[in-house]
Amino acid sequence: MDALMLPLELLGIFAFAVSGALLAARKQFDLVGSVLLASLAGLGGGVVRDLMIDQGPPVAMTNSLLLLPVLLAVVLVAAKLLYENRLRKTLLAFDAMGLSLFCLTGAVIAYEAGLNPVACTLLGLTTGVGGGALRDVVANEVPQIFNPRGVYALPAMLGAGLTVLTLELGIFTIWSGLAISALVFTLRMLSLR
Amino acid sequence: MDALMLPLELLGIFAFAVSGALLAARKQFDLVGSVLLASLAGLGGGVVRDLMIDQGPPVAMTNSLLLLPVLLAVVLVAAKLLYENRLRKTLLAFDAMGLSLFCLTGAVIAYEAGLNPVACTLLGLTTGVGGGALRDVVANEVPQIFNPRGVYALPAMLGAGLTVLTLELGIFTIWSGLAISALVFTLRMLSLR
Amino acid sequence: MDALMLPLELLGIFAFAVSGALLAARKQFDLVGSVLLASLAGLGGGVVRDLMIDQGPPVAMTNSLLLLPVLLAVVLVAAKLLYENRLRKTLLAFDAMGLSLFCLTGAVIAYEAGLNPVACTLLGLTTGVGGGALRDVVANEVPQIFNPRGVYALPAMLGAGLTVLTLELGIFTIWSGLAISALVFTLRMLSLR
């Protein structure tokens with residue numbers, strides 16, 4: 001993973017890990033359950049992506065740096081510095097942030113691995129929704145992705161598609177990437193109103 | 001994948017994708033949920049098989065053609081050209097068709113990858129039951145495979161085993177393959193009576 | 001897998017397979033359901049580990065010997081030679097035995113594949129808890145790992161960490177390995193009192 005993508009990947013891991021730790025808190029799991037749901041949510045999408053790309057062990061296994069945002073998320077939730085507000089939107093907001101960043105980094109990483117544009121879009125989508133789906137399935141919840149309140153997969157697919165388009169056109173930069181992520185996040189949050 | 005297997009693989013993807021889209025309809029998921037369950041059911045078994053064989057990214061990622069039957073299934077179900085009849089057998093029939101085709105193509109693809117006969121049989125079985133299991137687990141249903149009404153895994157295992165046997169004996173053709181598929185389908189449907 | 005690890009791996013597969021077959025019995029699944037839950041529990045953790053290490057097909061696919069303990073477990077449970085006692089501790093004891101052996105073999109196999117110490121510890125943990133988690137998710141149970149009664153992941157992580165430490169220090173032997181496994185098993189069972 002190149003230097004531009006790493007900060008976005010770390011931020012995405014943090015956001016999804018927070019969503020996992022918050023779900024563990026809501027379900028009254030203990031600290032270990034919190035670590036596990038945070039890891040599944042934060043790292044699951046990337047691990048599935050790396051298994052699909054099939055170029056050696058998943059980054060989450062070889063680069064220990066990726067574990068730090070997971071631990072940070074667990075500590076912040078355990079210390080109640082991050083918690084669910086009355087409207088229960090906190091978990092959904094962090095989930096949306098993870099979604100918006102991972103559909104981007106997933107598409108870029110698949111593109112760098114030489115997959116075709118359709119496959120890159122699908123892998124961006126899979127990376128974006130994978131961690132959250134694993135989190136929900138293991139916690140015995142119906143995945144967010146099936147929740148009729150709000151659209152989930154469509155913004156992620158749009159984000160992954162726009163990322164691949166800008167890569168193909170040679171106009172992808174960290175700034176266009178951030179703009180795409182912001183668009184995905186905004187669409188997802190608007191759909192939840 | 002060679003030219004003989006591709007049509008059968010596409011037909012199997014279509015059949016399983018229909019089962020996924022029908023389950024989404026029964027559970028009143030929206031269009032996105034339909035696409036996701038159809039993709040999981042139609043492509044999940046093959047993706048698991050390709051991850052196991054470990055020869056590069058899954059075919060579903062590299063060959064966009066495999067996405068067409070999924071989309072077709074979603075459209076046909078959304079347009080109510082395919083729907084569950086009063087006896088609720090429609091979903092089970094498409095599921096059985098996918099099962100009968102995937103235990104065949106899974107075994108053949110594993111065989112071509114050079115795995116041993118036992119592994120080929122197991123991978124045929126895994127390919128056959130994998131997509132349906134993913135579909136049911138993600139939709140929070142008890143997988144068909146555990147449903148006491150009717151046998152599920154045994155016909156698939158028989159089909160995969162017969163496929164490997166005919167391959168070993170050098171008498172595998174598209175016609176013997178179709179005969180094996182028809183046998184698996186018949187056994188599965190008879191067990192549901 | 002070298003000659004020292006194979007007996008421990010086979011024993012771990014057997015222990016987890018028994019836990020799967022017992023869960024199938026408790027849920028009144030038929031023989032096929034028993035084979036499937038036993039396979040998922042017994043082989044699932046190792047398959048996930050091998051997918052992550054990414055060095056060819058999973059051992060469970062290429063070495064048919066690994067299927068024998070699964071079949072033995074299914075037969076013993078079907079013949080009611082192994083069953084749940086009144087305290088329902090039997091399943092948990094076999095699960096703990098599998099956990100204690102797989103966190104060891106998973107870490108060793110990852111180490112031999114050249115992964116870094118942190119990754120080896122995580123893969124040991126994943127191998128240890130993976131099969132049981134798959135077993136429970138597919139059977140629609142809340143995974144043991146989230147059960148507030150008793151600690152689960154911590155002993156496995158400790159066992160994997162100690163294994164990696166002894167490997168790094170060059171003092172790993174089959175006996176130190178067995179001692180680590182016994183420690184993990186004891187901690188897990190004590191936590192269930």
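Source: prediction; values computed, not measured. Convention: sequence-line order gives letters A, B, ...; per-chain numbering from 1.
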Non-hydrogen side-chain atoms of A:Asn116 and B:Asn63 separated by less than 4.5 Å: no
Close side-chain approach of B:Asp50 and A:Met52, heavy atoms under 4.5 Å: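 Counting from C-beta outward, B:Asp50 and A:Met52 never come under 4.5 Å.
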Heavy-atom pairs under 4.5 Å with chain A, option from B:Ala139, B:Gly33, B:Gly56 with the top count: B:Gly56
Spacing of B:Met61 atom CE and A:Leu123 atom CG [to the nearest 0.5 Å]: 4.0 Å
Atom pair CG (B:Leu36) and OH (A:Tyr152), whose distance is rounded to the nearest 0.5 Å: 10.5 Å
Donor-acceptor under 3.5 Å (A:Asp54 side chain, B:Leu51 main chain): no
Heavy-atom proximity to chain A below 4.5 Å, by part of B:Leu31: neither
Region of B:Val47 that comes under 4.5 Å of a non-hydrogen atom in chain A: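 When you check distances to chain A, only side chain atoms of B:Val47 fall under 4.5 Å.
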